[in-house]
Amino acid sequence: MICAAQVALDVPLTRLFSYAVDGGLLAVGERVFVPFGHRVLSGVVAGLEEVAEGSMTLKAVQSVPRDLPCLSPEWLALCRFVADYYHHPLGQVIATALPAVFRIPEVFTPAQPPLLYRCDDVEALLARLAARATAQRRVAQALAVPQTAASLRALAAPAMRWIASWLEQGWIEAVPETAMAKGKAATNAPVPNPEQARAVEAIASAEGFVPFLLFGVTGSGKTEVYLQTIATVLARGKQALVLVPEINLTPQAESAFRARFPQARIVSLHSRLNDSERAQGWLAAMRGEADIVLGTRLAVLAPLPRLGLVVVDEEHDASFKQQDGLRYSARDIAVYRASQEGIPVVLGSATPSLESWRNAESGRYRLLELPARAVPGAALPELRVLSMRRAPQRDGLHESAIAAIGRALDRGEQALVFINRRGYAPTLACGECGWSASCRHCSARLVLHLGARRLRCHHCGYELRIPPACPDCGNQDLKPLGRGTQRLEENLQALFPGRNILRIDRDSTRRKGAMDAALEAVHAGEADILVGTQMLAKGHDFPRLNCVLVLEADSGLFSVDYRAEERLFALLTQVAGRAGRREQPGEVLVQTQFPEHPFYAQLLQRDYRVFADRALSERRDLRLPPFAAWALFRAEAQQLDSALEFLRTVKQCFVPEPGLTIGDPVAATMLKKSGLERAQLLVSAENRQLLQRALAMAEPAMDRLKAGRIRWSLDVDPAEV
DNA sequence: AGCACGCCGACT
DNA sequence: GTCGGCGTGCTC
């Protein structure tokens with residue numbers, strides 16, 4: 001008998017591969033490099049077995065790097081769960097979770113102990129900096145609290161150049177993170193209001209696995225609940241895992257945590273870290289050195305040996321779901337981890353996902369509510385729905401919206417106008433023959449970008465010069481149809497001449513640091529009217545903003561995607577949270593062509609419960625999630641027919657069963673994308689267990705399928721269909 | 001997914 | 001004659 005290691009490799013194959021181990025000195029969880037075909041791959045030992053000598057010729061493990069401690073059985077079990085639940089090969093799950101440096105043959109040597117930068121006298125430092133150097137001043141201001149290089153770079157790309165020179169001048173100091181602890185007093189925790197105190201008490205006294213849904217409007221002080229609960233977790237010597245949706249929110253969350261817990265080691269994990277930073281943070285988490293791990297969805301897969309609490313902030317946010325490769329939901333994995341560890345998990349939101357809301361209603365989650373706004377005197381903004389039918393309007397803006405913006409500007413405040421569409425106009429059309437510009441590679445209109453003088457596809461990046469005349473009939477008078485951020489900016493400039501209008505969308509912030517510069521300009525009061533897409537809805541706090549106008553909201557009401565309405569409600573609630581976070585009451589206006597739609601009545605009630613009740617009863621009637629468990633197969637091919645044909649063979653892999661519905665393959669809503677035609681197949685089950693069983697039973701047959709030229713993927717609990 | 005092998009079309 | 005197209009099949 002010889003000892004063999006069953007190795008999980010980053011290949012799209014479900015099975016493990018066995019390798020001979022010299023001397024048998026290898027543990028489960030060890031990383032290895034093994035010969036595979038004509039190359040060498042990194043893998044992880046997922047199991048050990050005894051193999052009869054000569055029964056099968058095994059290749060031998062090539063090398064065992066020792067720069068990383070052995071991965072724990074608990075962490076491997078987590079990866080196994082993820083692999084099983086999402087029906088993804090274990091080796092690929094591990095490859096997704098493990099930082100890249102641990103998958104290359106070079107041995108990772110952590111650089112110096114990570115340094116924190118700090119300034120004792122920020123006022124003095126600021127006085128030394130030019131008044132106009134806004135980015136430098138922002139970095140300087142952040143140094144009131146110890147900061148890592150990574151978060152400073154997130155604040156301003158060239159931050160570390162300035163840091164080097166300030167260090168040289170002796171204006172600031174660098175302290176090894178490990179030596180940071182002593183002497184720094186924590187910022188005093190504010191006294192919680194009664195609801196906050198009750199929530200903290202409930203979570204802190206929870207025994208074993210208890211999932212909490214922390215339901216509180218924007219500004220009700222959810223963060224304070226997290227902070228005070230984490231304090232109790234740290235006091236018990238446990239680690240806390242905090243997930244936030246947006247990468248932009250990590251640095252600001254990190255500063256808040258650092259200010260409150262100066263003695264704690266805080267590590268952030270997100271995709272903007274470079275390889276070595278990510279590896280270092282991961283190691284600190286894995287070794288139990290990090291007390292708080294803060295990050296985006298990928299942080300949920302970090303190994304945490306003494307985990308005591310998991311927090312998912314803005315749990316409804318779509319960014320917790322990965323949309324390619326391993327299509328996992330970090331929120332769901334967070335709940336699973338808590339259940340495995342037997343610890344509490346807190347899901348926080350002002351507009352919970354309907355899944356979580358249902359779980360709270362059914363008693364699976366415990367509901368904690370924060371009803372009031374935490375900032376004394378801050379009132380909920382006034383909300384108005386403006387009918388655009390037969391309404392007095394100019395340039396597609398309702399007269400009362402124009403008046404409201406004007407009033408805000410006269411008060412010396414800022415106004416924000418949202419439109420969820422970038423570019424000048426969503427299409428360019430010929431008024432004579434009905435031609436309109438469409439993409440060669442996608443079933444989509446080309447968007448007119450006047451600044452760049454181009455037509456662009458927002459799905460594949462295809463670009464075209466603006467044609468001088470209609471390619472079909474030669475008509476020279478092509479007209480932009482509809483409007484996006486750029487045209488809106490132009491409209492507003494015409495309505496408010498002399499006012500500064502600042503557009504913030506993916507186009508205006510593409511350049512590195514452009515987003516920071518724009519936000520800086522907003523805070524400095526250089527902008528009167530902000531025009532932006534969704535990217536402005538989240539997290540940013542604009543103190544002088546009290547008037548928000550939302551355009552083209554209706555598209556969310558008539559979408560083929562059953563979740564669009566839920567997302568629109570969350571978006572509008574969040575947008576409303578942008579207005580009037582301070583003393584003045586804010587004003588939120590929504591333009592619509594369908595004011596009589598029940599959605600708006602519910603929105604006006606300002607009551608998430610009313611909306612959730614109606615939306616959930618609709619979903620119950622229609623057997624939509626969360627009243628069903630879904631899995632979606634997607635396939636793309638040169639020809640729709642071969643994608644459909646492939647999905648038909650997928651369908652045949654399933655065994656019919658009561659409560660299980662295997663749909664028919666259908667063409668995707670947007671048939672063509674990036675030159676490929678797409679189709680999908682929906683598998684629906686009465687519950688998750690049944691869905692999982694059906695998928696597991698279909699797996700062996702699916703392994704035998706040959707996809708040929710077809711690219712396909714399986715999405716369990718798809719976010720969009 | 002890679003990567004090799006293998007079998008048919010237009011080129012120095 | 002061969003360079004190279006991508007179909008098919010395998011990887012302990």
Side-chain angles (χ1 to χ4, degrees), chain A residues 1-65 71 76 79-80 82-83 86-105 322-328 441 633-647 649-650 653 674-678 699-716:
Chain A
M1 297 294 268
I2 55 161
C3 180
Q6 297 170 311
V7 179
L9 294 168
D10 182 13
V11 287
L13 302 168
T14 324
R15 62 186 181 279
L16 301 174
F17 292 86
S18 299
Y19 289 86
V21 185
D22 304 331
L25 289 171
L26 201 54
V28 169
E30 207 81 67
R31 284 173 314 131
V32 289
F33 287 94
V34 293
F36 186 77
H38 298 266
R39 58 214 163 114
V40 171
L41 295 182
S42 94
V44 168
V45 179
L48 295 168
E49 60 180 346
E50 293 286 318
V51 176
E53 217 148 345
S55 71
M56 181 188 188
T57 45
L58 296 182
K59 291 186 181 176
V61 167
Q62 196 176 74
S63 64
V64 186
L71 297 159
L76 271 183
C79 289
R80 239 189 220 107
V82 173
Y86 293 103
H87 299 268
H88 206 70
L90 178 62
Q92 295 200 301
V93 171
I94 291 174
T96 308
L98 208 62
V101 289
F102 297 128
R103 288 182 285 127
I104 53 168
Q322 179 131 65
Q323 291 292 12
D324 58 294
L326 170 62
R327 305 169 98 99
Y328 65 97
H441 313 293
F633 287 91
R634 300 173 215 267
E636 46 187 49
Q638 219 52 245
Q639 297 294 317
L640 175 65
D641 278 346
S642 34
L644 289 172
E645 178 52 36
F646 172 76
L647 290 176
T649 62
V650 169
C653 295
S674 302
L676 293 173
E677 299 194 332
R678 312 175 312 152
E699 209 151 278
M702 296 225 28
D703 281 347
R704 272 177 267 117
L705 282 185
K706 37 188 188 343
R709 307 265 79 205
I710 291 149
R711 296 167 57 92
W712 69 277
S713 66
L714 167 59
D715 193 347
V716 177

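Source: prediction; values computed, not measured. Residue numbers begin at 1 in each chain, while the letters A, B, ... track the order of the sequences.
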Sugar-phosphate, base or nothing in reach of A/Tyr19, heavy atoms under 4.0 Å: sugar-phosphate
ring-ring contact (aromatic ring centres under 6.0 Å, His included) partners of A/Phe33, counting only residues at least two apart: none
Heavy-atom closest contact (A/Gln6 atom, A/Ser18 atom, distance): CG-OG, 3.9 Å
Side-chain heavy atoms of A/Cys79 within contact of A/Val93, under 4.5 Å: yes
Stretch residues 7-17 of chain A: residues that reach within less than 4.0 Å of DNA chain C through a heavy atom: A/Leu13, A/Arg15, A/Phe17
A/Glu699 atom CD, neighbour heavy-atom count above 12 within 6.0 Å: yes
Passing option when A/Asp715 is tested against A/His87, A/Gln322, A/Arg634 for side-chain hydrogen bond (donor to acceptor under 3.5 Å, both in side chains): A/Arg634
Where A/Ala46 and A/Arg80 come nearest, the two heavy atoms and their spacing: O-NH2, 2.9 Å
Closest contact, heavy atoms only, A/Cys3 versus A/Leu48: SG-CD2, 4.4 Å
With A/Phe646 via ring-ring contact (aromatic ring centres under 6.0 Å, His included) - residues at least two apart: A/Trp712
Exercise: identify the closest heavy-atom pair between A/Pro35 and A/Lys59: CG-CD, 3.8 Å
Atom pair SG/CG of A/Cys653 and A/Leu705 - distance to nearest 0.5 Å: 4.0 Å
Minimum-distance pair of heavy atoms, taken over all atoms of A/Ala635 and A/Ile710: CB-CG2, 4.0 Å
Stretch residues 634-641 of chain A: residues that reach within less than 4.0 Å of DNA chain C through a heavy atom: none
A/Val11 side chain reached by A/Leu41 side chain, heavy atoms, under 4.5 Å: yes
Minimal non-hydrogen separation, A/Val44 against A/Arg31, with atom names: CG2-CG, 3.9 Å
A/His88 NE2 - B/dA1 P separation (whole Å): 10 Å
Nucleotide N/O to protein N/O under 3.5 Å, stretch nucleotides 4-9 of chain B:
none

Bounds of contact between DNA chain C and chain A, in 5' to 3' order, using a heavy-atom cut-off under 4.0 Å: C/dC6 to C/dC12
